[in-house]
Trainee: 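Have a look at this one before I ask anything.
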Number of protein chains: 2
Amino acid sequence: MNFQQLRSVREAARRGFNLTEVAAALHTSQPGVSRQIRELEEELRIEIFERAGKRLTRLTEPGKTVLPIIERILQDAQNLHNAAQDFSGRDTGELTIAATHSQARYALPGAVNDFRALYPRVTLNLHQGSPHQIAQLLISGEADIGIATEALAEYEQLVALPCYRWTHCVIAPKGHQLLDGQPLTLERLAGFPIVTYEPGFTGRSHIDAAFANEGRKPHIVISAMDADVVKTYVALGVGVGIVAGFAFDEDRDRELGAIEAGHLFEINTTRLAIRRGTLLRAYALSFIETFAPTLTPEAVGAALAQARDGSHAE
Amino acid sequence: MNFQQLRSVREAARRGFNLTEVAAALHTSQPGVSRQIRELEEELRIEIFERAGKRLTRLTEPGKTVLPIIERILQDAQNLHNAAQDFSGRDTGELTIAATHSQARYALPGAVNDFRALYPRVTLNLHQGSPHQIAQLLISGEADIGIATEALAEYEQLVALPCYRWTHCVIAPKGHQLLDGQPLTLERLAGFPIVTYEPGFTGRSHIDAAFANEGRKPHIVISAMDADVVKTYVALGVGVGIVAGFAFDEDRDRELGAIEAGHLFEINTTRLAIRRGTLLRAYALSFIETFAPTLTPEAVGAALAQARDGSHAE
DNA sequence: TATCCTTACGGAATTCGTAAGCATG
DNA sequence: CATGCTTACGAATTCCGTAAGGATA
């Protein structure tokens, strides 16, 4: 048994059982991968993959049992490297953060800047994606840290820690009727065409829930993945916007006015997620702390240690 | 990085940093082991072992961090084999049980017999030792299941599950004054020379505690590791014995009489222990259930899953 | 027919054990 | 000076990629 065999199996399971693709991902030849898998199956005396003729189609029952263990081993191998590099390389390495647009655009820049000054020799990668894409990046190990308001807490394989709480605001072009100082209600809001986030992004679930709760059906004319697009269309007069409070900036968004809407929509919690069982580099913990000061290295360490079980409990 | 390197490191840490011994244990040459360790250290760019000149003396700080991860990987590698063999070999393999004399002699024979009938193709090994030795066998992976009344619950690395409860009895040669039907008290008992278990064995702790509690000092003339030795000396008239209730058999021990002593000494709980994070073969779970019917495979599985954390939490 | 896995083969790289060297208690 | 780790070297094995073969959608 060797690690290359395990990697081949894991990658095959991940990439839809296409060994040609696996070979490319592992920078090796396709027959090589084929052999690695066969050899492991022979050694364990089980078939991990079901084969339709020559093609792999899916996991067998033994394969389903064995795969989580293989993933744990490979993850621990990664942890081993990380732990070691914390002693040797100290402040060199890589840190990959996956975040939604909102976070990348408004919440992260400060922390990223501080981090780059503190750890100039760490290559920092920032991936942007939907909350579910972020979760997938974390689970596959392609990203170390994920930040989003939605979805992250739903995944068994992730540990999601609350970072900060925020509320939505309603925006409209200056001089718009909505900005007349009258109290803002859902009823009134529902009278206008609305521009806001797509479902699954940046607290959209709370927006939908609030309207549904009152039995109202808002007229959403444009839904976008980010506040910048929303603001652009609101400025054009397409409708009124609902965006995250932190996405509105009086200085920059001079043509718009904003009203706090924390009383209309449930408060949102932005979460930071890490795959269970992951051992983060020291600088990654440091980044987390600068981003969310409540998440001290000790707190994160404790959360991860508590979370080591369940990785394949039934 | 490969498994042989990891095994070399683990073994070196276990065997007092003597690479010659490690080589013997791993069935390889001593220079080989030396190389494996160096190569891993080079790859990780840390020193795992401190060296005094050429000899390894102890773990470095990085080594202390990294060793638990290495042990987890190797344990999971074993788990992988076990899981696979549950599908392939089904009912062939090995099962190593470590137990104290008391358990091996009185509690286990029934379960062992049933098990051998059920799984004739499983090689069953029975190691006998003190509770602490049993714990060490479990931790090192040399034994799969440990059974003892003492000590097992004290180890962080083990999961100890209660099997059954029992009480001590007092034995004496037939016709002995103690068997006159008068109620048995500690005071009366302390008046005779006593033969019982050694400290650390089969509920001896409860015996000591009971006397200490009343401020009495029993006169223990012989202490042995097992009830058979105790009974032998009691039969010779050396003194009265205190043994586990299940160790007395009216038919076999005709020259002795016994009195229940559950009212004198605290009730004992015999425990079955498994190393945390271990994945047991299906037949091992089956053995456990025949030995202690409350410990169903589901119950044991749940206990082990719950216990996966803490393996190196701080 | 194109895609995808397996088998076959030969060269390259790795691995491993023996033997010699050297430091330490 | 005996024990124990390292270095050196050569043989054996393993590993891996290319090329060809065969099955399936």
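Just so it is clear: chains get the letters A, B, ... in the order the sequence lines come, proteins before strands, and each one is counted from 1.
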Trainee: Measure from CD on E50(B) to C1' on dC5(D) and round the result to the nearest Å.
Mentor: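 Distance, rounded to whole Å: 16 Å.
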Trainee: In residues 40-49 of chain A, what residues come within less than 4.0 Å of DNA chain C, judged by heavy atoms?
Mentor: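 By residue number: none to list.
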Trainee: Side chains of S102(A) and T202(A) only: does a donor on one sit below 3.5 Å from an acceptor on the other?
Mentor: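 A pair is found: one side chain offers a donor N or O, the other an acceptor, under 3.5 Å apart.
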Trainee: Figure out the CD/C1' separation between Q5(A) and dT14(D), and round it to whole Å.
Mentor: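 Whole-Å distance recorded here is 12 Å.
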Trainee: Parallel, tilted or perpendicular: which describes the rings of Y119(A) and Y283(A), with under 30° parallel and over 60° perpendicular?
Mentor: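 Because their plane-to-plane angle lies in the 30° to 60° range, the rings of Y119(A) and Y283(A) count as tilted.
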Trainee: For L26(B) and dG17(C), give me the distance from atom CG to atom P, rounded to whole Å.
Mentor: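 Distance, rounded to whole Å: 11 Å.
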Trainee: Does OP1 or OP2 of dC5(D) have a side-chain N or O of T20(B) closer than 4.0 Å?
Mentor: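 For dC5(D), OP1 or OP2 has a side-chain N or O of T20(B) closer than 4.0 Å.
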Trainee: Without decimals, in angstroms, what is the distance between R15(B) CZ and dG4(D) P?
Mentor: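 These atoms are roughly 14 Å apart.
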Trainee: Salt bridge (charged side-chain N to carboxylate O under 4.0 Å, His left out), that's the test. Do R51(A) and E41(A) meet it? Break it down for me.
Mentor: CA-CA 13 Å; R51(A) 288 160 171 84; E41(A) 290 184 322; 3.0 Å; yes
Trainee: With respect to the phosphate group of dT3(C), does any side-chain polar atom (N or O) of N18(A) fall under 4.0 Å of OP1 or OP2?
Mentor: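 False: N18(A) side-chain N/O out of range (4.0 Å or more) of dT3(C) OP1/OP2.
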Trainee: Quick test: give all pairs of protein nitrogen or oxygen and nucleotides 22-25 of chain D nitrogen or oxygen below 3.5 Å, distance rounded to 0.1 Å.
Mentor:
| residue | atom | partner | partner atom | Å |
| --- | --- | --- | --- | --- |
| dT24(D) | O2 | R55(A) | NH2 | 2.9 |

Trainee: Between atom CG in L56(A) and atom C1' in dC4(C), what is the gap in whole Å?
Mentor: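 So the CG-C1' distance, L56(A) to dC4(C), works out to 9 Å.
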Trainee: Grab the CD-C1' distance between E21(A) and dT3(C) for me, whole Å please.
Mentor: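 Checked: the CD to C1' distance equals 13 Å.
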Trainee: Quickly, which of R55(A), R58(A), K64(A) forms a salt bridge (Lys or Arg N to Asp or Glu O under 4.0 Å) with E50(A)? Name it, please.
Mentor: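 Single pass found, and it is R58(A).
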Trainee: List every contact pair, protein side and nucleotides 8-16 of chain C side both N or O, where the distance is under 3.5 Å.
Mentor:
| residue | atom | partner | partner atom | Å |
| --- | --- | --- | --- | --- |
| dC16(C) | OP2 | Q36(B) | NE2 | 3.0 |

Trainee: So, R275(A) and Q157(A): side-chain donor and acceptor under 3.5 Å apart, yes or no?
Mentor: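 No, because no side-chain N or O of R275(A) sits under 3.5 Å from a partner of the opposite role on Q157(A).
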Trainee: Apply ring pair (Phe, Tyr, Trp, His ring centres under 6.0 Å) to F201(A) and H101(A), showing your working.
Mentor: CA-CA 9 Å; F201(A) 280 80; H101(A) 171 93; 9.5 Å; no
Trainee: Using atom types as modelled and distance alone, determine if a side-chain donor or acceptor of D76(B) lies under 3.5 Å from a backbone N or O of I69(A).
Mentor: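 Judged by distance alone, no pair lies under 3.5 Å.
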Trainee: Are E11(B) and R7(B) close enough for a salt bridge, meaning some N to O gap below 4.0 Å?
Mentor: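 No, E11(B) and R7(B) are not salt-bridged.
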Trainee: Might you point out which heavy atoms bring M1(B) and L80(A) nearest each other, and give the distance in Å?
Mentor: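 That would be SD-CD2, 3.5 Å.
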Trainee: Run R10(B) and E71(B) through salt bridge (charged side-chain N to carboxylate O under 4.0 Å, His left out) and show every step you take.
Mentor: CA-CA 7 Å; R10(B) 175 178 68 176; E71(B) 301 213 293; 5.1 Å; no
Trainee: Rounded to the Å, how far apart are Q30(A) CD and dC5(C) P?
Mentor: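 Result: 6 Å.
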Trainee: Verify the distance criterion only: is there a donor paired with an acceptor across the side chains of N79(A) and Q75(A) at less than 3.5 Å?
Mentor: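 Short answer, no.
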Trainee: From CD1 of I37(B) over to P of dC5(D), roughly how many Å is that when rounded to an integer?
Mentor: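 Distance check: I37(B) CD1 to dC5(D) P gives 9 Å.
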